[in-house]
Visitor: 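Below is one structure. I have some questions about it.
Below, all heavy atoms of this structure are taken into account, side chains as well, without hydrogens, waters or symmetry copies.
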Amino acid sequence: MPSFKEQSFQERAALSAKAKQAALEKLRAKPPVDEAVVAARRAAAEAKEAAKLQASADKKAAREQAIADKKAAQAQAAEEAALAAKKYAPVMPTEAEMKAARDARYAARKARVRG
């Protein structure tokens with residue numbers, strides 16, 4: 001089996017120059033860029049970006065509408081709860097009514113004692 005032969009600097013430089021020349025020839029052989037194709041690609045990219053922005057805006061609007069609907073439903077539920085609480089809450093007598101009831105109890109007690 002032959003041993004590994006290390007390349008000299010001149011051989012490495014020649015290989016490098018050869019590779020650079022091959023890359024340059026490959027680049028020169030490439031057909032020129034067609035402006036119509038570039039314009040079409042640019043238009044397609046702009047349309048895609050506009051569609052993406054529109055979808056994002058629609059999604060944001062839907063999210064905000066859902067939040068507004070949720071807040072409205074919560075406000076409606078709170079209003080209904082307040083009405084129900086007001087309807088079924090025990091009616092507290094006024095101070096004058098409480099005084100009259102207390103005086104009536106006092107008079108009844110006095111009447112029982114004297115009676």
Visitor: Would you compute the distance between atom NZ of Lys26 and atom NZ of Lys30 and round it to the nearest 0.5 angstrom?
Guide: 9.0 Å

Visitor: What's the shortest heavy-atom distance between Glu11 and Lys5, and which atoms?
Guide: OE2-NZ, 4.3 Å

Visitor: Flag yes if more than 12 heavy atoms outside Glu95 fall under 6.0 Å of its CD atom; otherwise flag no.
Guide: no

Visitor: Which pairs pass side-chain hydrogen bond (donor to acceptor under 3.5 Å, both in side chains) with one or both residues in residues 31-44, sequence neighbours excluded?
Guide: none

Visitor: Using a 4.5 Å cut-off on heavy atoms from C-beta on, say whether the side chain of Arg28 contacts that of Leu24.
Guide: yes

Visitor: Just list the side-chain donor-acceptor pairs under 3.5 Å for residues 68-77, sequence neighbours left out, or say none.
Guide:
unit_1 : atom_1 : unit_2 : atom_2 : d
Asp69  : OD1    : Gln65  : NE2    : 2.9
Gln76  : NE2    : Glu80  : OE2    : 3.1

